[in-house]
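Single-structure report; data block below.
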There are 4 protein chains.
Amino acid sequence: MVTSAGRSTENAPGADASAEKPTRVGRVGLWLIGARGSVATTAATGLAAISGGFAPATGCVTDQRVFDAVPLPEFSELVIGGHDISDVSLAKRAEYLVGAGMLPLHLMEAVRGDLDEADARVRPGYHPESGGSSQAAVARRLARDIEDFTREHRLDRVVVMDVSSTEAPVAPRPEFDDPELLLAALEDPAQATLPPSSLGAYAAILAGAPYVCFTPSPALTIPALRELARQRGIPTAGQDGKTGQTWLRSVIAPGLAARGLRVLSWAGANLLGGGDGATLSDPDAVSGKLLSKNRGLESLASGAATPLHIDNVPDLGETKVAWDHINVEGFLGSRLTLQTTWSAFDSMLAAPMILDLARLMALADAAGASGPIGELGFFFKDPWGSDEFAFAEQSQQLAAWAHATGERVTAAGAQDRVATW
Amino acid sequence: MVTSAGRSTENAPGADASAEKPTRVGRVGLWLIGARGSVATTAATGLAAISGGFAPATGCVTDQRVFDAVPLPEFSELVIGGHDISDVSLAKRAEYLVGAGMLPLHLMEAVRGDLDEADARVRPGYHPESGGSSQAAVARRLARDIEDFTREHRLDRVVVMDVSSTEAPVAPRPEFDDPELLLAALEDPAQATLPPSSLGAYAAILAGAPYVCFTPSPALTIPALRELARQRGIPTAGQDGKTGQTWLRSVIAPGLAARGLRVLSWAGANLLGGGDGATLSDPDAVSGKLLSKNRGLESLASGAATPLHIDNVPDLGETKVAWDHINVEGFLGSRLTLQTTWSAFDSMLAAPMILDLARLMALADAAGASGPIGELGFFFKDPWGSDEFAFAEQSQQLAAWAHATGERVTAAGAQDRVATW
Amino acid sequence: MVTSAGRSTENAPGADASAEKPTRVGRVGLWLIGARGSVATTAATGLAAISGGFAPATGCVTDQRVFDAVPLPEFSELVIGGHDISDVSLAKRAEYLVGAGMLPLHLMEAVRGDLDEADARVRPGYHPESGGSSQAAVARRLARDIEDFTREHRLDRVVVMDVSSTEAPVAPRPEFDDPELLLAALEDPAQATLPPSSLGAYAAILAGAPYVCFTPSPALTIPALRELARQRGIPTAGQDGKTGQTWLRSVIAPGLAARGLRVLSWAGANLLGGGDGATLSDPDAVSGKLLSKNRGLESLASGAATPLHIDNVPDLGETKVAWDHINVEGFLGSRLTLQTTWSAFDSMLAAPMILDLARLMALADAAGASGPIGELGFFFKDPWGSDEFAFAEQSQQLAAWAHATGERVTAAGAQDRVATW
Amino acid sequence: MVTSAGRSTENAPGADASAEKPTRVGRVGLWLIGARGSVATTAATGLAAISGGFAPATGCVTDQRVFDAVPLPEFSELVIGGHDISDVSLAKRAEYLVGAGMLPLHLMEAVRGDLDEADARVRPGYHPESGGSSQAAVARRLARDIEDFTREHRLDRVVVMDVSSTEAPVAPRPEFDDPELLLAALEDPAQATLPPSSLGAYAAILAGAPYVCFTPSPALTIPALRELARQRGIPTAGQDGKTGQTWLRSVIAPGLAARGLRVLSWAGANLLGGGDGATLSDPDAVSGKLLSKNRGLESLASGAATPLHIDNVPDLGETKVAWDHINVEGFLGSRLTLQTTWSAFDSMLAAPMILDLARLMALADAAGASGPIGELGFFFKDPWGSDEFAFAEQSQQLAAWAHATGERVTAAGAQDRVATW
Ligand SMILES: NC(=O)c1ccc[n+]([C@@H]2O[C@H](COP(=O)([O-])OP(=O)(O)OC[C@H]3O[C@@H](n4cnc5c(N)ncnc54)[C@H](O)[C@@H]3O)[C@@H](O)[C@H]2O)c1
Ligand SMILES: NC(=O)c1ccc[n+]([C@@H]2O[C@H](COP(=O)([O-])OP(=O)(O)OC[C@H]3O[C@@H](n4cnc5c(N)ncnc54)[C@H](O)[C@@H]3O)[C@@H](O)[C@H]2O)c1
Ligand SMILES: NC(=O)c1ccc[n+]([C@@H]2O[C@H](COP(=O)([O-])OP(=O)(O)OC[C@H]3O[C@@H](n4cnc5c(N)ncnc54)[C@H](O)[C@@H]3O)[C@@H](O)[C@H]2O)c1
Ligand SMILES: NC(=O)c1ccc[n+]([C@@H]2O[C@H](COP(=O)([O-])OP(=O)(O)OC[C@H]3O[C@@H](n4cnc5c(N)ncnc54)[C@H](O)[C@@H]3O)[C@@H](O)[C@H]2O)c1
Ligand code: NA
Ligand code: NA
């Protein structure tokens, strides 16, 4: 049995896996919308490297000892496929990321075959400027891609995850509040009612697949879509991966609060290169991101957050640098200031979370969960189904939920909501 | 009824306090060893300001809503006295702290009378270079000062707290491991067996008073003294207030760990002015501080802590500046770096904790607690009776302990271990 | 003779000043547009404190030993007056700045009388929303205020300096390029052709007074006004005081260039409270500031400057915090990064420059200089009459110019372009 | 003619080099003591890359336009050889530096042949623990290596440069002050009078070669050796390359001074990995470094420098991180603080300076210069023959000196102090 390289070195070869994990969630598909982007490529490279024993699973939350007793799928049981509108293959993108100093050359070379296989499982995504058929027809085609993937790779379930380019917020429309109106509009080839991220979410609903939104895009925030998801009973999780500066804020702010200190202002700057940097230099696209970035801080530090800026600094490449300046009122009106500077490869923070979410959502699905899973708020800037933004509390909720859900799976035997063939 | 200025504004005048707090811990003495130092002066000024309604209790943990149901003594029920070897009065020291830009002038002026009263309750401490009587005789005199204070001010209990100058670690001696040997040595006028902080702790034991060590000094770490404290049944808490950089580390390090990230190195620098800066420029004194500062990080980041430096930078006055550089390994061997810079008036961070500890230790005492209270590890760099260094966990332990202890007090009616007159 | 407290303590009382400085520039008026603002109040407080011997002239460039041989007017020979549209007196504003922790209480109290006297010399400025008379009539009234000030205080010359609120850039108009068209338009009571800063500059031209622009406002950048200034022969200097972050950039960027290192990006953030922070939170007003801030860097680091942001963070009060992140290419394509964080009271940096500029412009005027004085580029973000942005070069140019100009003044005897009575 | 890749792309192939540079300094040997270390390997790789047209000469001061008219030797006219006590070849070391993320793989591969050739020119250095022959005999052997190198490669002159491991300061001895005593002691096989760096300098003297000390080691600081160097008439330059934090200090401190601001304290921290990090974790070795690092700052900021620390942080690899905290007094006693964080590959900063120094010292030699060349203080923490620490002034002195020296060379025709064959 192949297990996470970083953890299972103690296992004798040939050790009985079934003894270790009382029941199986099964083979899990990870269907990435934006499958050829930076985050997706890093996740695919990492999954192959971990499964192949070339790298430990550092940065994967679910590889921590505290999840040992939870019957998660093994890394080697995950299969990646997805949608994208780019023609640059996963291997080409990985080469680029090697050149940018992000991916280690030897790892990329070791898993090039896996990347090619994953790339062969990528299908054309929905391009908003492609006309012709109705959005409903497109969504059915996208859902069929997911179902084909499931069948061809004999998967027990498929988790759909949006890691595509950030989209701008959308203005309210009547169709967004009424499922019937929406479904009718989708059938009209002359209208493009939903933004791409929402159409992708709708395809997941049609395919009955668990859905995760790692971006700040509109996606499943449209009420009529949420209602359709509810009716279909899929488990969902979102929104916008909490990887860097926002994560750090969710660590520090609750600490200050627990000390009885009062945040007066929390200002900062964000420097970004890479594909995401270019996208986010578009003020429209950025507005969604800035909103979701600041939401947690607004909650944790009661309104002290100063509007954030994102600067596109192309020479930073895949690195993201974030500076925060926190002005705090302490005892007798005194001031304390804290500055933080964070510098990291953004996709290297996101990718292990993608793998974590795939494992955890597969578990949720196996346990028959449906609706937004607030306990996965750990992973998100703007958690669905939860008002908890404090990271330590989210960590505990995550662990407790995983154990409880795992016990349900174990008790019931291998659940399988998707299909048998 | 006088209540915390910062919280009770909603109370109608004449509201019945007994309805609010089901039972009373009573009037509490706070006996500060080092009562004329910077931390003590700030705590005394703050206590008077809060009690007098001139300032909210910002920075006091126990003033948070989560402690509302806990029957803590009111700020106005605390009375400050103490030992010091300095002749500079509390008011003079407060004036100096105003000049240093730390204490607000108007507050100092508003509470000058209270400072003079507190100063009148300060008795001469033990100066290691004063010869003459045996250390046992000195300790009995110090204990008598505490008992007199209790009686004169009709206090229900007195919490002894060491906020005096940091002392160097001491070399092991046979007397330190054997209470009988120790007691014999103390009676010998020719020997100065114990460092001052330990003699102060011994005096608290003799007086049967709860004892808190806010410094990194030897104090109650001497095994024979710990045994005497155990026999006498006093509650204790320590050691070395976790106010600034070390606190921040105890917030960030567990967050990184929860993400599955691996700290490779955690290096840093400390710039300090003020009285503490001068003391800590003595390499001997500093060694205790550096050890206790790093202990938590060693535990939280498994050995990645680089030896710390403390620089005496006199022009910083009462401000402390700390820089940390954290190098972390993430997914696929990638690196992320985090830098933090912390700048604050050190005593403004410590003083509210002094008041919190007085309230909480009085509660513990009222509940009949004895021995080290690990759940107060929240306040300390090197917690006695606990191996938990992660701040979020410590916060939860503190709240849970306070509620449970409060319930015991409420159930039993006002406990009083000290005396009735 | 009263001299700068910080330098001349070695002088025996009664020392003959004329022996020390071979000729006198005379009594100099400093007419501040925006005379009740933060910068002006700090300059007035400082001038009185230095003249009165309460404070050394730290931060005044012209108080450095290198200017010893230059026949600059003494601080005690400067008299402050000005225009403002605010009714809050200089003393009230100084009290506010004491409360904000910026001005020391004892200094403010020591010079309160001087502030009241200066405030009595402040006349109503031009408010753009006041209607009625033509702008030409207003300008004549403003010029008359300056002339009255000169006469009443028997001044040898008056330097007019704009330290009023930053104005937005203005759109081009035909009148801006043609003095005759402009003069005609100004006579029309129905039109408000010039922004207030430009009307103030025009009043200085009418009064024949040296003019300094310490703000990024349109002021004298209007070509037709520059032509009128040229015709009148007044010396001018500007624009936008180079006090903090921009100054630091002009120090570091040339250093990197001299090493043959290539700046790839220079990004940053600005946090500002105070009056200027509020003004600059207006995106229109800010645009002028951001342009002039970045101009030097664009020149020094060939286009690598990332657009700047200014955030209004009211709780910072009078403090300004600036963060820069500099990404540099070195040998063999390697990268180096430099971060700087600057934290200072902005007006404390500006005020000594105001006094320096008053002394230096009075010298220029005494030497009969006219037109833009590029050698004063030392003081400005966007220097008029110079393309040199590197600070070290500017320092040398300033010193050389001051010596040469001083020699001209000395050679000619006291020049006096303004008036004799 | 092959010229610097970064500058001469405009030259048509076959362009007449002699037309461009009026006279030639000739073929120059660069004899590195410590030829297989990190700095040396980077310099050798860079030289080959620049000569081969694989990389521009970014970071080389002498490649700047301002040196265009100076008749420096071309990069392609430099030949590297040297001494080392390590057996790890230059190519192996370069591979290691590729693995550490410092050298680009493709460059290393492109110049591997050049590295092997250079490595073949490395001779065994003097190991202090090797016994047997007298130090005089060793020095003669080392000098012979240099002379053989000169002859074999038909070099017009050879510059000897110490880039070996930092040595501890040495205690004074009578021999250090008296050339005759010293020479006598060196002949005694039982004594090891000189530390290795000084023996290396002595060998350069014997070989009559220009000598540069890039390290803080004792080297030529021994008075008797300096006297011998003077007698032999060699040009010298030193000491301790000013590459990173110290350089930045020499840029910022003069800027603050020119503003009339007063540095109160300049504290900081240094984090170092790599070979130099390991060496400098030895407190003895570090003491020389710390002294020379702080010397300039002591001069520039009159005694405000706080003692520096160097921490060995192995996981930083070849990266060096330095933090500075500068507390400054401004107008009316106000404070401003500046923090800087510098992060760079240390050897990438040093290597281009090595090439610059080789070119410039060859020029000096061709011009018949002898003794310490203070105008090269630009490159050093602790400049020999100069009291100027301000970087801008040093830049101007360097350029002026280079032009004047170049003119002397041009006027005289190709000087050749070394030999003809
Ligand atoms: N730390 C992080 O990296 C992080 C954190 C939180 C959120 N995110 C979000 O993750 C997303 C991906 O980031 P990235 O750096 O990989 O960006 P990227 O630009 O490298 O990749 C985005 C990919 O999406 C594809 N795409 C665009 N429109 C599509 C469509 N309609 N259908 C299918 N594919 C489409 C693009 O072709 C591209 O391959 C972004 O929205 C980003 O905001 C990233
Ligand atoms: N944030 C913080 O301020 C903080 C955090 C953790 C620990 N501490 C510790 O708190 C202690 C006090 O700090 P401070 O800034 O007030 O220092 P301080 O120097 O201002 O005050 C120390 C006081 O102790 C008195 N003293 C010295 N020896 C004594 C003795 N034998 N008996 C009685 N009094 C004695 C001194 O006279 C002085 O008044 C230090 O040990 C410090 O390390 C402070
Ligand atoms: N370091 C610095 O402080 C610094 C550096 C460069 C430039 N500046 C510039 O200096 C100026 C003053 O800054 P501040 O902090 O003192 O601002 P402030 O808001 O405190 O003061 C501005 C003053 O100008 C007055 N004013 C406004 N319109 C006027 C008019 N039409 N006529 C006369 N007075 C008028 C206001 O009433 C106010 O008193 C700003 O433009 C700022 O951008 C300051
Ligand atoms: N930015 C910088 O890198 C910088 C700046 C200033 C000074 N320096 C100095 O440059 C020197 C080299 O730094 P590095 O990073 O290359 O160090 P390194 O440890 O990588 O290389 C030093 C080399 O010197 C050799 N060596 C040791 N003793 C010798 C001897 N007696 N004879 C001949 N060779 C000997 C070693 O074998 C090694 O190859 C150090 O002294 C350092 O302090 C470096
Ligand atoms: Na939510
Ligand atoms: Na200009």
Side-chain angles (χ1 to χ4, degrees), chain A residues 42 45-46 49-50 54-64 102-104 107 244 247-248 250-252 254-262 328-345 347-353 356 378 390-396 398, chain B residues 42 45-46 49-50 55-64 66 102-104 107 244 247-248 250-252 254-262 328-345 347-353 356 378 390-396 398:
Chain A
T42 310
T45 304
I50 296 167
F54 304 117
T58 310
C60 286
V61 176
T62 53
D63 194 53
Q64 307 252 89
M102 193 183 95
L103 282 180
L107 276 190
W247 169 76
L248 186 61
S250 79
V251 170
I252 294 176
L256 292 168
R259 286 277 296 271
L261 300 166
R262 199 163 78 84
V328 178
E329 183 185 321
F331 200 51
L332 306 183
S334 62
R335 297 291 164 92
L336 78 86
T337 59
L338 172 58
Q339 284 178 60
T340 61
T341 305
W342 173 267
S343 175
F345 289 118
S347 298
M348 283 294 196
L349 295 169
M353 291 190 171
D356 283 327
F378 177 99
F391 185 69
E393 276 67 28
Q394 290 175 328
S395 304
Q396 295 181 341
L398 174 65
Chain B
T42 309
T45 303
I50 296 167
T58 311
C60 285
V61 176
T62 53
D63 194 53
Q64 308 252 86
V66 72
M102 192 182 96
L103 282 180
L107 276 191
W247 170 78
L248 186 61
S250 80
V251 170
I252 294 176
L256 292 168
R259 287 276 297 272
L261 301 166
R262 200 162 78 84
V328 179
E329 183 185 322
F331 200 52
L332 306 183
S334 62
R335 295 292 163 91
L336 78 87
T337 59
L338 172 59
Q339 283 179 59
T340 62
T341 306
W342 173 267
S343 176
F345 288 120
S347 298
M348 283 292 196
L349 295 169
M353 290 190 169
D356 283 328
F378 177 98
F391 185 69
E393 275 67 30
Q394 290 175 328
S395 303
Q396 295 181 340
L398 175 65

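First the proteins, then the strands, lettered A, B, ... as listed; each starts at 1.
Crowding of B:Arg262 atom CZ: a count of heavy atoms from other residues, nucleotides or ligands under 6.0 Å not exceeding 12.
Considering only heavy-atom pairs separated by less than 4.5 Å from chain A, the leading option among B:Ser343, B:Ala390, B:Ala344 is B:Ser343. For the set B:Ile252, B:Thr337, B:Thr340, B:Asp356, the entry with the most heavy-atom pairs within less than 4.5 Å of chain A is B:Thr337. Among the candidates A:Gln339, A:Arg259, A:Met348, the residue making the largest number of heavy-atom pairs closer than 4.5 Å to chain B is A:Arg259. Interface summary for chain B: among A:Ala351, A:Ser395, A:Pro352, the most heavy-atom pairs under 4.5 angstrom belong to A:Pro352. Of the listed residues (B:Pro254, B:Ser334, B:Cys60), the greatest number of heavy-atom pairs within a distance under 4.5 Å of chain A belongs to B:Ser334. Comparing B:Ala392, B:Gly244, B:Gly330 by how many heavy-atom pairs each has under 4.5 Å with chain A, the most go to B:Gly330.
With a threshold of 4.5 angstrom between heavy atoms, B:Pro104 approaches chain A through side-chain atoms but not through N, CA, C or O. Heavy atoms closer than 4.5 Å to chain A are found nowhere in B:Met102, neither backbone nor side chain. With a 4.5 angstrom heavy-atom cutoff, B:Leu398 does not touch chain A via any of its atoms. Proximity to chain B involves both the backbone and the side chain of A:Leu256, based on heavy atoms less than 4.5 angstrom apart. When heavy atoms are compared at a cutoff of 4.5 Å, B:Thr341 approaches chain A by way of both its backbone and its side chain.
Looking at A:Gln396 and B:Gln396, their side chains do bring a donor and an acceptor atom within 3.5 Å of each other.
For B:Phe391 against A:Ala258, the heavy-atom pair with the smallest separation is CE2-CB, 3.7 Å.
Of the candidates B:Thr42, B:Thr58, B:Leu349, A:Phe331 forms a side chain to side chain contact (heavy atoms under 4.5 Å, CB included) with just one, namely B:Thr42.
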